[in-house]
Asker: 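Before I ask anything, let me first share the structure, which is written out below as structure tokens.
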Amino acid sequence: MRANLPVVLTARVPRRFYARPTVEVARDLLGKIIVRRIDGVDLAGRIVEVEAYLGGEDQAAHSYAGLTDRTRVIYGPPGHAYVYFIYGMYYCLNVVAEPQGKPGAVLVRALEPVAGIEAMRERRPRAKRLRDLASGPGKLTRALGVTLADYGADLTRGDLTVRDAPAVAPADIVVSPRIGITKSADLPLRFHIRDNEHVSRR
DNA sequence: CCGCGGATCTTCT
DNA sequence: GAAGATCCGCGGA
């Protein structure tokens, strides 16, 4: 197998980026690059779809249950990974927002693959087309090899990081209700890049 | 393209 | 005991 092409690694997004209101962090994460280094290979994808899960009255948020073993990282310092296991089969990746002590997280729902695509395909052999590779929260964690071992990982350092990239123009951000939930289902907390092929539902 | 059901197990009620 | 921030393959249009 051919080695993957060189990846241009931009600066890591700094801690202060995450220590803001969850909705702001969610919108501003669009366009940023998630890089996963595995066995010396960089797998990377551009964030094209996210959802915000808030503290307070957001009944869809896992933190609505309060501080438990599962949710404690959501209450911790921002810029860390909240990973959970769902439907007996899949992992979902969130980015913790808000200052420490205040719950808030951003679910990463879809990536546009930009590097290490061959390695991602090996992890997702059933993805026929490129747009099937990471166009869903369970797909992208499988493609990047993200598991509960990444619970609490610091996204500003280590082998799972978020990298700077040009901001997406506000006019190119589409806002809609979140997907796959029943409680607090009408809040406009899903954000995706307009007309992007890699969004989970079009 | 669309809708439906099965897989599979952790977490909270 | 049931629901859940999902995905995939199948059958029909």
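Just so you know, these numbers use all the heavy atoms, side chains as well, and skip hydrogens, waters and symmetry mates. Below, chains carry the letters A, B, ... as their sequence lines are ordered, and counting in each starts from 1.
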Asker: What's the CD1-P distance between A:I179 and C:dG4, to the nearest Å?
Answerer: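 Whole-Å distance recorded here is 16 Å.
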Asker: Show me the pairs that pass ring pair (Phe, Tyr, Trp, His ring centres under 6.0 Å) and involve residues 13-56 of chain A, at least two apart or across chains.
Answerer: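 Counting only pairs at least two positions apart or across chains, no ring pair (Phe, Tyr, Trp, His ring centres under 6.0 Å) contact touches residues 13-56 of chain A.
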Asker: Could you state the OH-C1' distance from A:Y84 to B:dT8, rounded to the nearest angstrom?
Answerer: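 It works out to 16 Å between those atoms.
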Asker: Show me, range against range, the stems involving DNA chain B, built from at least 3 consecutive Watson-Crick or G-U pairs below 3.5 Å.
Answerer: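 B:1-7 with C:6-12, B:9-12 with C:1-4 - these are the stems of 3 or more pairs that involve DNA chain B.
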Asker: Pick the nucleotide of DNA chain B nearest each of A:L148 and A:Y87; which residue has the one closer to the 5' end?
Answerer: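 Final value for this comparison: A:Y87.
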Asker: So does A:H62 get a side-chain nitrogen or oxygen closer than 4.0 Å to the phosphate oxygens (OP1/OP2) of C:dA5?
Answerer: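 So the side-chain polar atoms of A:H62 do come within 4.0 Å of the phosphate oxygens OP1 or OP2 of C:dA5, strictly under.
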Asker: Over how many whole Å does the gap from A:R124 atom CZ to C:dG9 atom P extend?
Answerer: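 Rounded to whole Å, this separation is 9 Å.
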Asker: Return the set of residues passing side chain to side chain donor-acceptor pair (under 3.5 Å) with A:R163 (not counting sequence neighbours), or none when no residue passes.
Answerer: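 Partners of A:R163 by the side chain to side chain donor-acceptor pair (under 3.5 Å) criterion, ordered by chain and then number, come out as A:T161.
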Asker: Look at the side-chain N and O atoms of A:T182 and state whether any lies under 4.0 Å from the OP1 or OP2 oxygen of C:dG4.
Answerer: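 Yes, because at least one side-chain N or O of A:T182 sits under 4.0 Å from OP1 or OP2 of C:dG4.
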Asker: If you assign each of A:A127 and A:A60 to its closest nucleotide in DNA chain C, which residue comes earlier from the 5' end?
Answerer: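 Final value for this comparison: A:A60.
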Asker: With respect to the side chain of A:M89, which nucleotide from C:dC7, B:dT8, C:dG4 is positioned closest?
Answerer: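 In terms of side-chain proximity for A:M89, the closest of C:dC7, B:dT8, C:dG4 is B:dT8.
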Asker: Could you give the CZ-to-C1' distance, from A:R131 to C:dC8, as a whole number of Å?
Answerer: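 Rounding to the nearest Å, CZ of A:R131 and C1' of C:dC8 are 16 Å apart.
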Asker: Looking at A:D154 and A:R15, does any basic side-chain N land under 4.0 Å from a carboxylate oxygen?
Answerer: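 Salt bridge: yes.
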Asker: Mind checking A:R190 for me? I need base, sugar-phosphate or nothing, with any heavy atom below 4.0 Å counting as a touch.
Answerer: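 No contact.
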Asker: Contact class for A:R109 (heavy atom, under 4.0 Å): base, sugar-phosphate, or nothing?
Answerer: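 Sugar-phosphate contact only.
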Asker: Can you list the steps and then say if A:D42 with A:R36 is a salt bridge (charged side-chain N to carboxylate O under 4.0 Å, His left out)?
Answerer: CA-CA 6 Å; A:D42 285 327; A:R36 168 59 140 194; over 6 Å; no
Asker: Using a cut-off of less than 4.0 Å, is there contact between a side-chain N or O of A:R142 and OP1 or OP2 of C:dT6?
Answerer: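 Result: no.
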Asker: If the test is salt bridge (charged side-chain N to carboxylate O under 4.0 Å, His left out), which one of A:R27, A:R178, A:R109 qualifies with A:E51?
Answerer: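 For A:E51, the salt bridge (charged side-chain N to carboxylate O under 4.0 Å, His left out) test succeeds with only one of A:R27, A:R178, A:R109, which is A:R109.
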Asker: Using whole Å, report how far OH of A:Y64 lies from P of B:dC12.
Answerer: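 That distance rounds to 15 Å.
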Asker: Between P on B:dA7 and CD1 on A:I86, what's the gap in Å once rounded to a whole number?
Answerer: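 Between P of B:dA7 and CD1 of A:I86: 18 Å.
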Asker: Which nucleotide in the set C:dG9, C:dC7, C:dA5 lies at the smallest distance from any side-chain heavy atom of A:R126?
Answerer: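 Nearest listed nucleotide: C:dG9.
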Asker: In terms of relative ring orientation, are A:Y91 and A:F85 parallel, tilted or perpendicular, with 30° and 60° separating the classes?
Answerer: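 Correct class here is tilted.
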Asker: Does B:dT11 have OP1 or OP2 under 4.0 Å away from a side-chain N or O of A:T68?
Answerer: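 For A:T68, the contact criterion (side-chain N or O under 4.0 Å from OP1 or OP2 of B:dT11) is not met.
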Asker: Looking at B:dC9, B:dC1, C:dA5, which one has an atom nearest to any side-chain atom of A:F85?
Answerer: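 Minimum distance to the A:F85 side chain belongs to B:dC9.
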Asker: Which heavy atom of A:L133 sits nearest a heavy atom of A:P113, and at what distance?
Answerer: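 Closest heavy-atom pair between A:L133 and A:P113: CD2-CG, 4.0 Å.
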Asker: Just to verify, which of A:H192, A:R190, A:K139 counts as forming a side-chain contact (heavy atoms from CB on, under 4.5 Å) with A:S200?
Answerer: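 By the side-chain contact (heavy atoms from CB on, under 4.5 Å) criterion, A:S200 pairs with just one of A:H192, A:R190, A:K139: A:R190.
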Asker: Please figure out whether A:R70 or A:Y90 has its closest DNA chain B nucleotide nearer the 5' end.
Answerer: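 Closest to the 5' end, via its nearest nucleotide, is A:Y90.
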Asker: Between P on C:dC7 and CG on A:L133, what's the gap in Å once rounded to a whole number?
Answerer: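 Rounding to the nearest Å, CG of A:L133 and P of C:dC7 are 13 Å apart.
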Asker: Looking across every strand, which nucleic acid part, if any, lies under 4.0 Å from A:N94 by heavy atom: base, sugar-phosphate, or nothing?
Answerer: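 Base: the residue A:N94, judged by heavy atoms under 4.0 Å, touches a nucleobase.
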Asker: What does A:G138 touch in the nucleic acid at a heavy-atom separation under 4.0 angstrom: a base, only the sugar-phosphate, or nothing?
Answerer: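 A:G138: backbone/sugar contact only, no base atoms under 4.0 Å.
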Asker: Output the rounded distance in Å from CG (A:L107) to P (C:dG4).
Answerer: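 A:L107 atom CG is separated from C:dG4 atom P by 16 Å.
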